[in-house]
Amino acid sequence: MKQKDITSTTKTTILEAANRVVLEHGVGSLTLEAVALEAGVSKGGLLYHFPSKNKLIEGMIELLVAEFDSALEVELAKANGDWLSAYIRASFQSNPKLDNVGSALFAAVANDPELLTPLRAHYVKWQDKVTETAASPEIGTIIRMAIDGLWVSDLLDFAPPASATRKKMLAALLKLAGKDTL
């Protein structure tokens, strides 16, 4: 395996460990020592990839965005480039890795709200694309806000909808977007 691949694998292992620490023990337990222990690396090894707690949290947020963008790309290929349909479908995918990475947001807010700045930039990009591809900016915004609400509901376990309801919600949002149903 090439050094670049090893480095990438180690970084991913560390980021996944950081998410587990937050999910299992709370954001207050997110320390470099706890993450190194969970990842099975030395603290020096962790610091090589993430020289500070803020850099670690930035990496967690970058992983969140990369996982969603990857799901979006897969859906774009299936939807023949129909961005809004792909966005809706990607948002409804069950992806434990993506779901777990959401803990990065809580770590960021608790540690330093400015760490959310890159994520805010992605949301602006997604919002622009939603309003550009929807029947109207209002319809696009309603769709994005519904998806955001679903994500928060899942993340915080705020009475997330059952599977059958989720399927109907997906169909309703696709219909609202003027796209084909399931």
Trainee: Side chains of Tyr123 and Asp148, heavy atoms from C-beta outward: is any pair under 4.5 Å?
Mentor: yes
Trainee: Of the non-hydrogen atoms in Thr141 and Val130, which two are nearest, and what is the gap between them?
Mentor: N-CG1, 4.1 Å
Trainee: Nearest 0.5 Å, please: how far is CD in Glu62 from NZ in Lys55?
Mentor: 8.5 Å
Trainee: For the atom pair CG (Leu174) and CG (Leu84), what is the distance rounded to the nearest 0.5 Å?
Mentor: 8.0 Å
Trainee: Classify the ring geometry of Tyr87 against Trp126: parallel below 30°, tilted from 30° to 60°, perpendicular beyond 60°.
Mentor: tilted
Trainee: Quick check on the hydrophobic clustering: are Leu119 and Leu56 connected, directly or via other members, by side-chain heavy-atom contacts under 4.5 Å?
Mentor: yes
Trainee: Do Asp82 and Arg89 meet the salt-bridge criterion of a basic N to acidic O distance under 4.0 Å?
Mentor: no
Trainee: Count I, L, V, M, F, W, Y as connected when their side-chain heavy atoms are under 4.5 Å apart, and connections chain through other members. Are Trp83 and Leu173 then in the same cluster?
Mentor: yes
Trainee: How many angstroms lie between CG in Asn19 and CG in Leu63, if you round to the nearest 0.5 Å?
Mentor: 6.5 Å
Trainee: Any chain of hydrophobic side-chain contacts (each under 4.5 Å) joining Val152 to Val65?
Mentor: yes
Trainee: Could you tell me which non-hydrogen atom of Leu46 sits nearest to which non-hydrogen atom of Ala36, and how far apart they are?
Mentor: CD1-N, 3.6 Å
Trainee: Tell me, do Ser91 and Leu150 make a side-chain contact under 4.5 Å, heavy atoms counted?
Mentor: no
Trainee: Give a yes or no answer on whether the side chain of Ser153 reaches the backbone of Gly149 with a donor-acceptor pair at less than 3.5 Å.
Mentor: no
Trainee: Passes side chain to side chain contact (heavy atoms under 4.5 Å, CB included), Leu32 versus Val35? Steps please.
Mentor: CA-CA 5 Å; Leu32 297 178; Val35 173; 5.8 Å; no
Trainee: Is it true that atom NZ of Lys125 has more than 12 heavy atoms of other residues, nucleotides or ligands lying nearer than 6.0 Å?
Mentor: yes
Trainee: Please tell me whether Ile142 and Val124 are part of a single hydrophobic cluster in this structure, the criterion being side-chain heavy atoms less than 4.5 Å apart.
Mentor: no
Trainee: Less than 4.5 Å apart, any side-chain heavy atom of Glu16 and any of Thr12?
Mentor: yes
Trainee: Start with the C-alpha distance between Lys167 and Phe92, add both sets of side-chain angles, then the distance that settles side chain to side chain contact (heavy atoms under 4.5 Å, CB included), and finish with yes or no.
Mentor: CA-CA 9 Å; Lys167 190 172 181 177; Phe92 272 79; over 6 Å; no
Trainee: With rounding to the nearest 0.5 Å, note down the distance linking CD1 in Ile88 to CE in Met169.
Mentor: 11.5 Å
Trainee: Evaluate the salt bridge (Lys or Arg N to Asp or Glu O under 4.0 Å) criterion for residues Asp154 and Arg166: first the C-alpha distance (whole Å), next the side-chain angles of each, then the deciding distance (0.1 Å), finally the verdict.
Mentor: CA-CA 11 Å; Asp154 288 344; Arg166 292 174 86 84; 2.8 Å; yes
Trainee: Which heavy-atom pair separates Arg120 from Pro113 by the least distance, and what is that distance?
Mentor: NH1-O, 3.6 Å
Trainee: If we ignore hydrogens and angles and just use 3.5 Å, is the side chain of Thr165 paired with the main-chain N or O of Pro161 as donor and acceptor?
Mentor: no
Trainee: Nearest 0.5 Å, what's the NZ-CD1 distance between Lys179 and Ile143?
Mentor: 9.0 Å
Trainee: Specify the closest pair of heavy atoms between Glu75 and Ala90, including all atoms of both residues, with the distance to one decimal.
Mentor: CG-N, 3.8 Å
Trainee: Which pair of heavy atoms, one from Ala39 and one from Thr13, lies closest together, and at what distance?
Mentor: O-CG2, 3.8 Å
Trainee: So Phe50 and Ile57, do their side chains get closer than 4.5 Å, heavy atoms only?
Mentor: no
Trainee: Which atom names give the shortest non-hydrogen contact between His49 and Gly45, and what distance separates them?
Mentor: CD2-O, 3.2 Å
Trainee: Would you say the side-chain atoms of Lys53 pair up with the backbone N or O of Leu30, donor to acceptor, closer than 3.5 Å?
Mentor: yes
Trainee: Please round to the nearest 0.5 Å and tell me the distance separating atom OG1 of Thr117 and atom CD1 of Ile61.
Mentor: 9.0 Å
